[in-house]
Amino acid sequence: MIWQIFAVDADQGLGEHRADWDRLNGQLMSGHPMLDSAFVDALIRHFGADRVQLAVARDDAGPIAMLLINRHARGLGVWSSFLPSQTQIGLSLIPSGMDMRGLFAALPGYASELDLLCNDPRFCDLRELPGRPVRCLPHALTMSVSLRHGFDDYWAQRPRNLIKNMRRYMRRLQAEPLPARMTVTTTPQDMADAVERYAALESSGWKGQIGTAVAADDAQGSFYKDVMRQFGGHGEALIYELWLGDTLIASRMVLLRERMALILKTAYNETFERLAPGRILLLRVLEDLFERIQGGEVEFYTDANADQLAWSTSQRWINHISVYRHRGLPHFFDLLRRGSRGWLRRGKQPVGVDTMVNRSGANVDSYAHVRELPADALALMQRAERRHIEFGADWHAHLVDTVYAAEPQRHEVRLHVLRRQGRVLAVLPTVAQTGSLGREVSALANFYTAIYAPALEDGLEAEDLLPLTRALRRDGAGAAAYRFSPMDPLSREFALLKRALALAGLSTHAYFAFGNWYEPVHQNWADYLQDRSGQVRSTIKRNTRKFALEGGRLEIVQGGERLEAALAAYQSVYARSWKVPEPYPDFMPGLIRLCARRGWLRLGLAWLGDKPVAAQIWIVANGRADIYKLAYDEAYKALAPGTLLTALLMEQALDIDHVQEIDYLIGDYPYKAAWMSQRRERIGLVAYDPFTVRGALGLARQAVGATWRWIRTNSTSRPDNSAA
């Protein structure tokens, strides 16, 4: 792959590269109208004179990436993509996951940083690029409206206050003595006049006062006339206007492409503000677009405030992406920026983050117990429970009642609930306690927990969680570190939480928690047993007869009248086993009763006469069987009652419960490999606060440990060239 830099002439625009640009736009960005060559050429023509150049990456088949960058770097070799204010999406056609090393070499001088502005992750996500350190700064919360299911269904799902307010505005408009009407300009020959009317409307308001309004005779006016005329020639431009008599009171420019409508510009007559003409026009525009492009999407490309978000069906963050040439450069630039603002000003966030969070319309509430959570937060946890019971409300409530409630002075439980526009987006259960670095905030989990994750709504981005992680840090009262373990490193919860903690100004690191053996189920019990080792099959066959001759029997208790007797038997076996006593004696009895109540319990018991000699607790829920606890009386080890019990419960899980996965949960014990064929790892996530003394100490320890592991790994892998 070779990168080349081409000068761009303002009159020619993309010139000979135009066809390749449109081809890549179709492949990577679904033919996005703001990245169409006609739109881009107009940007270059009106705003790019002597300012822009084109970078092109080629392989043997032709161009595979293109982007417009400013002609000159800022200080210290910092380059940025070309982004006039008239577009809200970066002029970059770069495949997700592309290696950018060649571009740094192709740029003049020593290029240290490349800022790819306004990356829209919906079309091409550049937040992770191989081989290069990347920083992501949320820039704007944009929004969209899905045009599925009809306008009436859409409107019925809007917030109650929005519907009520719009009724009031419509009544006011209808009470006006002059009639109101909406017109739609579609023909290219009429676009220039409609743009001039728009310019006059915008210039009459606050934008005109500060000098940013579109004017009929300035570069902006010429640009929008140019764009709307060209797109209008293909039936891809609309200008909606709301009139009161002969007075224009609101206008919106819209581009169309396939199944996307893009709100390009909007303005209203501020003297009619009490009628909310901009909102009334938006309502009518959406009604029209539901008919015009059924099943499509309306994209707003705005930095939406709380009022605007009430209209949306989905939101996402537009991000500025900084790509660095070397791994040490992000930290070097951080030092320079901190120095310019005052070294180690406590809790300082990246520029723009505070404003971004405030505009998101999000709020975070904290609760001391699961029982205090509102119904919608409990419902989100209930959906998360369908994957693992340890994500659910019942599990966390039981953990609080039997573990953390015993020492409230040492453990401060908090369940953080993130909302936006009244809708619950996330529930993050935590506990603040004293750790190795002093005060720490960690997952509401302990050695009883085999997996942890916050409950998250579908479709969230890390930027959506930023209000939550910032509140976590603010309420942490100077916590040095934030720890979340054990987590699935491949889960979206792990990735989103890690990124959101970093966005909140914390230094995040992953560490190994434990190995986890499991079995994806594709067989019945007979076939599964046939695939086990000969030793396992022989042990089961031989000891089944031997155990029966000794008067042994096996049973599985799921609840009912036998529950309390089975619980007592389990506790009797556990007390005579090799295992240390439970540090929280109420946890296991309560968990057994909880699982029985929820229909999850499979409590296996091996008896010799009236004496229990082995016990296992399996939890079966949502297509999973978790092997949670097992114990046997060592005096009867020769009879292998534990192995026989495992076989019985395995047969139950495969042939009766029909689970899709069996999980041996925590630890790399050799016996687990005899029953399970797959191994994965559970990971911990730690985020240090570098603006606290103890957090900086933890970060330093982390760096020293990482360096030592690197030295040890590289020294052991280096070939031995010493003389024999």
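Atoms considered below: every heavy atom in the structure, side chains included; atoms not considered: hydrogens, waters and symmetry mates.
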Inset, instruction - Before giving the answer on salt bridge (Lys or Arg N to Asp or Glu O under 4.0 Å), spell out for Asp458 and Arg383 the whole-Å C-alpha distance, their side-chain angles and the decisive distance to 0.1 Å. - result: CA-CA 10 Å; Asp458 294 337; Arg383 292 201 296 275; over 6 Å; no

Inset, instruction - Just say parallel, tilted or perpendicular for the rings of Tyr671 and Tyr669, cut-offs at 30° and 60°. - result: parallel

Legend entry - Spacing of Glu519 atom CD and Ser677 atom OG [to the nearest 0.5 Å]: 3.5 Å

Inset, instruction - Indicate yes or no: does Lys672 engage Asp663 in a salt bridge with an N to O separation below 4.0 Å. - result: no

Inset, instruction - Taking the side chain as every heavy atom from C-beta outward, state whether Arg542 and Arg537 have any atom pair closer than 4.5 Å. - result: no

Inset, instruction - Establish, yes or no, whether a centroid distance under 6.0 Å links the rings of Phe587 and Trp395. - result: yes

Legend entry - Parallel, tilted or perpendicular: ring planes of Tyr688 versus His509, cut at 30 and 60 degrees: tilted

Legend entry - Validation row, ring centre Tyr632 to ring centre Trp578 under 6.0 Å: yes

Legend entry - Pairwise side-chain contact, Leu649 with Gln616, heavy-atom cut-off 4.5 Å (strictly under): yes

Legend entry - Smallest separation among heavy atoms of Leu496 and Ala462, with atom names: CD2-N, 3.4 Å

Inset, instruction - Kindly compute the distance separating CG (Leu594) from CZ (Arg598), expressed to the nearest 0.5 Å. - result: 7.0 Å

Inset, instruction - Inspect the contact between Glu457 and Arg419 and indicate whether a charged nitrogen and a carboxylate oxygen are less than 4.0 angstrom apart. - result: no

Legend entry - Any Pro121 side-chain heavy atom under 4.5 Å of Glu463 side chain: no

Legend entry - Gap separating the CD atom of Glu385 from the NE2 atom of His388, nearest 0.5 angstrom: 12.0 Å

Legend entry - Residues Trp517, Asp668; criterion side-chain hydrogen bond (donor to acceptor under 3.5 Å, both in side chains); working and verdict: CA-CA 7 Å; Trp517 286 88; Asp668 278 311; 3.1 Å; yes

Legend entry - Criterion side chain to side chain contact (heavy atoms under 4.5 Å, CB included) on Tyr570 and Met588, from CA distance to verdict: CA-CA 10 Å; Tyr570 162 78; Met588 284 308 303; 4.0 Å; yes

Legend entry - Pair Arg679 + Glu681, salt bridge at N-O below 4.0 Å: yes

Inset, instruction - Flag the pair Asp365 and Arg414 as a salt bridge only when some basic side-chain nitrogen lies within less than 4.0 angstrom of an acidic carboxylate oxygen. - result: no

Legend entry - Any donor-acceptor pair under 3.5 Å from Ser442 side chain to Phe484 backbone: no

Legend entry - CZ/Phe512: more than 12 non-hydrogen atoms of other groups inside 6.0 Å: yes

Legend entry - Ring centre gap for Tyr518 and Tyr664 strictly below 6.0 Å: no

Inset, instruction - Quick one: pull up CD1 in Ile656 and CZ in Arg602 and give me the separation to the nearest 0.5 Å. - result: 9.0 Å

Inset, instruction - Measure from the side-chain N and O atoms of Ser577 to the backbone N and O of Tyr574, and report whether any donor-acceptor pair falls under 3.5 Å. - result: yes

Inset, instruction - Apply the side-chain contact (heavy atoms from CB on, under 4.5 Å) test between Leu373 and each candidate in Leu380, Val424, Leu378; give the one that qualifies. - result: Leu378

Inset, instruction - For Asp531, look at atom CG and say whether over 12 heavy atoms of other residues, nucleotides or ligands are found less than 6.0 Å away. - result: yes

Inset, instruction - Report yes if some heavy atom in the side chain of Pro520 is under 4.5 Å from a heavy atom in the side chain of Glu661; otherwise report no. - result: no

Legend entry - Asn524 (side chain) donor-acceptor with Asp527 (main chain) under 3.5 angstrom: yes

Inset, instruction - Quick one: pull up CD1 in Ile666 and OG1 in Thr449 and give me the separation to the nearest 0.5 Å. - result: 7.5 Å

Inset, instruction - Walk me through it: do Glu440 and Arg694 pass the test salt bridge (Lys or Arg N to Asp or Glu O under 4.0 Å)? - result: CA-CA 10 Å; Glu440 298 182 359; Arg694 292 180 180 271; over 6 Å; no

Legend entry - Atom pair CG/NZ of Leu506 and Lys498 - distance to nearest 0.5 Å: 11.5 Å

Legend entry - Side-chain donor or acceptor of Thr508 paired with backbone N/O of Ala687 under 3.5 Å: no

Legend entry - Presence of salt bridge, Glu493 and Arg387, under 4.0 angstrom: yes

Inset, instruction - For Leu501 and Leu685, run side chain to side chain contact (heavy atoms under 4.5 Å, CB included): C-alpha distance rounded to whole Å, both residues' side-chain angles, the deciding distance at 0.1 Å, then the answer. - result: CA-CA 10 Å; Leu501 288 166; Leu685 174 62; 3.9 Å; yes

Legend entry - Short side-chain to backbone donor-acceptor contact, Thr544 and Ile540, under 3.5 Å: yes

Inset, instruction - For Asp633 and Val613, indicate whether the former's side chain and the latter's backbone hold a donor-acceptor pair under 3.5 Å. - result: no

Inset, instruction - Considering only NZ, NE, NH1 and NH2 on the basic side and carboxylate oxygens on the acidic side, decide whether Glu461 and Arg316 come within less than 4.0 Å. - result: no

Legend entry - Ion pair Arg148/Asp153, N-O distance below 4.0 Å: no

Legend entry - Tyr367 (side chain) donor-acceptor with Val413 (main chain) under 3.5 angstrom: no

Inset, instruction - Compare all side-chain heavy atoms of Ile683 with those of Ser485 and state whether any distance is below 4.5 angstrom. - result: no

Inset, instruction - Would you mind reporting whether Trp525 and Gln652 have side-chain heavy atoms less than 4.5 Å apart? - result: no

Legend entry - Any Val620 side-chain heavy atom under 4.5 Å of Trp600 side chain: no

Inset, instruction - Check the pair Met381 / His396 against side chain to side chain contact (heavy atoms under 4.5 Å, CB included), numbers first and verdict last. - result: CA-CA 10 Å; Met381 296 186 78; His396 285 100; 3.6 Å; yes

Inset, instruction - Please check if any side-chain donor atom of Asp626 sits under 3.5 Å from a side-chain acceptor atom of Trp618, or the reverse. - result: no

Inset, instruction - State whether Arg593 and Glu564 are salt-bridged, where the test is any N-O pair (Lys NZ or Arg NE/NH1/NH2 against Asp/Glu carboxylate O) under 4.0 Å. - result: yes

Legend entry - Glu634/Arg576 ion pair, N-O < 4.0 Å: no

Inset, instruction - Taking Tyr528 for its side chain and Trp675 for its backbone only, find out whether a donor-acceptor pair lies under 3.5 Å. - result: yes

Legend entry - pair Arg473-Tyr482: side-chain heavy atoms closer than 4.5 Å: yes

Inset, instruction - May I ask you to decide if Gly559's main-chain N or O and Glu561's side chain share a donor-acceptor pair within less than 3.5 Å? - result: no

Inset, instruction - Kindly say whether Ala568 contributes a backbone atom to a donor-acceptor pair with the side chain of Ser572 at under 3.5 angstrom? - result: no

Inset, instruction - Scan side-chain atoms only and decide if Tyr636 and Lys611 contain a donor-acceptor pair under the 3.5 Å cut-off. - result: yes

Legend entry - From CA spacing to verdict: side chain to side chain contact (heavy atoms under 4.5 Å, CB included), Thr430, Leu444: CA-CA 4 Å; Thr430 68; Leu444 186 59; 5.7 Å; no

Legend entry - Cation over ring face, Arg492 and Phe494, 6.0 Å, 45°: no

Inset, instruction - Scan side-chain atoms only and decide if Arg680 and Asn516 contain a donor-acceptor pair under the 3.5 Å cut-off. - result: yes

Inset, instruction - Give a yes or no on whether Lys637 atom NZ has more than 12 heavy-atom contacts from other residues, nucleotides or ligands under 6.0 Å away. - result: no

Legend entry - Stepwise salt bridge (Lys or Arg N to Asp or Glu O under 4.0 Å) test for Arg562 and Glu555: CA-CA 11 Å; Arg562 287 281 297 148; Glu555 72 168 328; 2.4 Å; yes

